[in-house]
Amino acid sequence: MRERLPDLLFHFTLLDGIALLGLLLCWFYCAYVIERRNAAKPSTHMLMESYRIRWMEQMITRQPRIFDSAILGIMRNGATFFASSCMIAIGGCVALLGGAEQLTVIASDLSDALVVPKIVWEVKILVLMGFLGNGFLKFVWAVRLFGYCAIVMASVPNDPEDPEATPTARKAADISNHAARSFNRGLRSVYFTIATLTWLIGPVPLIIAAVTTTVVLYRREFNSRSRAALAS
């Protein structure tokens with residue numbers, strides 16, 4: 001950023017600031033309500049944690065354990081896919097940063113009302129990269145945690161009567177839950193990355209997109225049919 005901060009802020013309106021603040025508040029709100037423990041109405045994410053514990057307890061008596069390793073492999077592949085997608089998207093944002101001047105020209109061709117300095121496009125793209133970068137880090141950490149979980153699962157004794165069997169299985173469940181939590185945080189970053197894209201149009205679309213994303217996430221976590229099935 002070659003411009004000083006006061007000069008940079010001059011290019012943004014108060015509504016831009018409100019929209020960006022609202023986006024961040026929606027992001028933090030979703031993380032809080034979805035991952036809140038001991039809630040009267042737990043989210044789908046929290047309900048799944050108990051199922052992962054039950055999964056690892058059932059694994060103790062399952063012979064062979066190919067089924068369990070296959071499930072873990074599917075989850076790890078999913079995290080790897082999203083991590084790769086975030087890397088590609090970050091590369092696209094870097095390319096957009098280099099072509100911010102062209103964005104200004106295209107916007108000026110569409111409408112005089114959209115004529116904004118190059119620095120505005122760069123800031124908006126950097127916000128996009130921030131969400132994508134956070135998602136990438138969460139997905140990569142999820143991949144690593146799923147790998148840890150696989151090792152701990154392999155160390156669970158085959159004999160259900162072994163005193164180490166249940167405690168080790170619960171350790172595997174805890175690691176699996178941490179991996180799933182990191183994966184879900186990465187997904188939320190992707191959701192809000194898509195919402196942030198609307199800021200390229202203007203602050204009002206960003207506000208609408210942030211609220212819509214929050215409503216969609218809340219519904220899926222607390223009022224969806226899948227949650228009702230898990231809670232029954």
Side-chain angles (χ1 to χ4, degrees), residues 27 30-31 34-37 42-93 129 131-194 213 216-217 219-222 224-232:
W27 184 35
C30 287
I34 291 173
E35 298 180 7
R36 182 173 50 181
R37 296 183 179 276
S43 64
T44 302
H45 168 75
M46 297 307 299
L47 289 173
M48 284 303 300
E49 287 199 351
S50 62
Y51 278 93
R52 291 189 192 92
I53 295 173
R54 291 170 60 182
W55 168 28
M56 293 303 167
E57 290 175 344
Q58 292 296 319
M59 180 198 64
I60 298 175
T61 58
R62 187 159 28 238
Q63 295 297 336
R65 297 173 180 172
I66 297 175
F67 175 75
D68 306 284
S69 62
I71 295 175
L72 195 65
I74 291 172
M75 294 190 295
R76 190 176 187 185
N77 289 339
T80 303
F81 168 78
F82 279 106
S84 301
S85 300
C86 286
M87 278 294 293
I88 295 172
I90 290 172
C93 287
M129 292 178 66
F131 278 108
L132 287 170
N134 180 76
F136 171 75
L137 293 175
K138 296 301 181 184
F139 288 131
V140 168
W141 184 234
V143 170
R144 189 160 190 176
L145 286 177
F146 282 130
Y148 293 160
C149 181
I151 294 173
V152 177
M153 286 171 62
S155 69
V156 176
N158 291 323
D159 183 7
E161 302 300 325
D162 191 307
E164 292 296 321
T166 300
T168 307
R170 286 189 173 273
K171 289 179 182 178
D174 287 340
I175 296 175
S176 177
N177 282 331
H178 287 307
R181 188 177 303 115
S182 184
F183 180 79
N184 287 335
R185 288 173 178 175
L187 282 180
R188 286 198 297 273
S189 290
V190 172
Y191 288 137
F192 280 98
T193 297
I194 297 173
T213 301
V216 170
L217 287 174
R219 180 193 171 279
R220 289 180 177 179
E221 291 289 338
F222 294 98
S224 63
R225 293 182 179 178
S226 56
R227 186 205 174 278
L230 290 170
S232 61

Q) Counting only heavy atoms not in Met75, do more than 12 fall under 6.0 Å of its CE? A) yes

Q | Closest approach of Met129 to Cys93 (non-hydrogen atoms, all atoms of both residues) | A | CG-CB, 3.2 Å

Q) In Å and rounded to the nearest 0.5 Å, what is the CG to CZ distance from Asn77 to Phe146? A) 10.5 Å

Q.
Suppose we screen for side-chain hydrogen bond (donor to acceptor under 3.5 Å, both in side chains). Which residues come up paired with Ser224, at least two apart in sequence or across chains?
A. Ser226

Q: Could you list the residues that satisfy ring pair (Phe, Tyr, Trp, His ring centres under 6.0 Å) with Tyr148, not counting sequence neighbours?
A: none

(Q) I want to check something: taking the side chain as every heavy atom from C-beta on, are Trp27 and Leu217 in contact at a cut-off of under 4.5 Å? (A) no

Q.
Can a donor-acceptor pair be found, under 3.5 Å and without considering hydrogens, that links the side chain of Glu221 to the backbone of Ile34?
A. no

Q | ring pair (Phe, Tyr, Trp, His ring centres under 6.0 Å) partners for Tyr191, two or more places apart | A | none

Q) Looking at side-chain heavy atoms only, is the closest gap between Ser43 and Met48 below 4.5 Å? A) no

Enumerate donor-acceptor pairs with a distance under 3.5 Å from any side-chain N or O in residues 164-174 to protein atoms, sequence neighbours excluded.
residue: Thr168; atom: OG1; partner: Glu164; partner atom: O; Å: 2.6
residue: Arg170; atom: NH2; partner: Glu57; partner atom: OE2; Å: 2.6

Q) Which pairs with one or both residues in residues 134-161 pass salt bridge (charged side-chain N to carboxylate O under 4.0 Å, His left out), sequence neighbours excluded? A) none

**Q.** Spacing of CG belonging to Asn158 relative to CD belonging to Gln63, to within rounding of 0.5 Å
**A.** 4.5 Å

**Q.** Summary of salt bridge (charged side-chain N to carboxylate O under 4.0 Å, His left out) pairs that have at least one residue in residues 45-54, sequence neighbours excluded
**A.** Arg37-Glu49, Glu49-Arg181

Q.
Quick one: does any side-chain atom of Arg65 pair with a main-chain N or O of Met59 as donor and acceptor, under 3.5 Å?
A. yes

Q. If every non-hydrogen atom of Pro160 is compared with every non-hydrogen atom of Ile60, which pair is closest and at what distance?
A. CA-CG2, 3.8 Å

Q.
Would you compute the distance between atom CZ of Phe136 and atom OG of Ser84 and round it to the nearest 0.5 angstrom?
A. 8.0 Å

(Q) Could you work out, with salt bridge (Lys or Arg N to Asp or Glu O under 4.0 Å) as the rule, every residue matching Arg227, not counting sequence neighbours? (A) none

**Q.** Counterpart residues, side-chain hydrogen bond (donor to acceptor under 3.5 Å, both in side chains), relative to Ser189 (two or more places apart)
**A.** Asn134

(Q) Could you measure the distance from the SG atom of Cys149 to the CE atom of Met56? Nearest 0.5 Å is fine. (A) 4.0 Å

Q: List in chain and number order the residues that pass salt bridge (Lys or Arg N to Asp or Glu O under 4.0 Å) with Arg62, two or more places apart in sequence or in another chain; answer none if no residue qualifies.
A: Asp68

Q: Give the minimum heavy-atom separation between Trp55 and Ser176, together with the two atoms involved.
A: CZ3-OG, 4.2 Å

(Q) Counting only heavy atoms from other residues, nucleotides and ligands, does the tally under 6.0 Å from CZ of Phe81 exceed 12? (A) no

Q. Between CG of Leu132 and CD1 of Ile88, what distance do you get to the nearest 0.5 Å?
A. 11.5 Å

Q) Is there a side-chain contact between Ile194 and Thr213, using heavy atoms and a 4.5 Å cut-off? A) no

Q | Approximate separation, where rounding is to 0.5 Å, of Phe222 CZ and Met46 CE | A | 9.5 Å

Q: Would you check if the side chain of Ser182 reaches a backbone N or O of Ala179 as a donor-acceptor pair within less than 3.5 Å?
A: no

Q | Listed partners of Phe139 passing ring pair (Phe, Tyr, Trp, His ring centres under 6.0 Å), at least two apart | A | Phe82, Phe183

